[in-house]
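Notes follow once the structure below has been shown.
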Amino acid sequence: MNLAVSLALAVVPALIIVIYFYRKDRAKPEPKGIVIRMFLLGLLSTVPAIFIELGLDELRGFLNPFYRLLYPVFKAFIVAGLVEESLKLFIVKKFVFRKKCFDEVMDGIVYTVIAGMGFACLENVLYVLGSGITVGILRAFTSIPMHA
């Protein structure tokens, strides 16, 4: 499959969700510059997540003798869930939470979803480039929306 098609498949689902949530904030839409910045910061947060998750993955040896039972739980809830969600929340709190434009509940939803979609976008690109278009199709309907 063509590289452009693979990249489009990896990126478009995240952008669709960004547009959907951005348009839901009709009363007081967020500044586009800050929205783009949050998306890019979410995208960049994938890099430290990779390193933190690789480091935590090394702790799997401590799960013996229950490795087969505990490792999937550890990987899903601690390695992926806690690390990724904490990084996305950190970005929102550090870069937009105290701004004047963050003035209603919907703003929290919009900014966290956009940071999550930035993260999901780069993560999905990496998965699609590494594993192929089938993984991209599956992730478009599972992992991408879950990051929102």
message: Let's go through Ile133 and Val128 carefully: what are the C-alpha distance in whole Å and the side-chain angles of both, what is the deciding distance for side-chain contact (heavy atoms from CB on, under 4.5 Å) to 0.1 Å, and is it a yes or a no?
response: CA-CA 6 Å; Ile133 199 160; Val128 168; 5.6 Å; no
statement: Smallest heavy-atom separation, Val113 atom then Phe21 atom, equals CG1-CD1, 3.6 Å
query: How is the hydrophobic cluster of Val73 composed, in terms of its other members, when Ile, Leu, Val, Met, Phe, Trp and Tyr link through side-chain heavy atoms under 4.5 Å apart, directly or indirectly?
result: Phe77
task: Spell out, as yes or no, whether a donor-acceptor pair under 3.5 Å connects the side chain of Asp107 to the backbone of Glu104.
output: yes
statement: Value for CG (Leu129) from CG (Leu3), rounded to nearest 0.5 Å, stands at 6.5 Å
message: Check for me, please, whether Val11 and Leu126 land in the same ILVMFWY cluster - side-chain distances under 4.5 Å, paths through other members count.
response: yes
Residues Lys75 and Glu53 bridged, charged N to O under 4.0 Å: no
- line: Closest non-hydrogen atoms of Gly108 and Thr112, given as atom of the first, atom of the second and distance, are O-OG1, 2.7 Å
query: Hey, is the main chain of Glu30 close enough, under 3.5 Å, to the side chain of Tyr22 for a donor-acceptor pair?
result: yes
From OH (Tyr111) to CZ (Phe97), nearest 0.5 Å: 12.5 Å
message: Distance check, rounded to the nearest 0.5 Å: Leu89 atom CG versus Ser45 atom OG?
response: 11.5 Å
message: For a quick test of reading the model, state the closest non-hydrogen atom pair linking Arg26 to Arg23 and the distance between them.
response: CG-O, 3.2 Å
- line: Residues joined to Phe119 in its hydrophobic cluster, side chain to side chain under 4.5 Å directly or through other members, sorted by chain and number, are none
Atom CZ of Phe102: over 12 foreign heavy atoms under 6.0 Å: yes
- prompt: So, the side chain of Ser86 versus the backbone of Val83: is there a donor-acceptor pair under 3.5 Å, distance only?
  reply: no
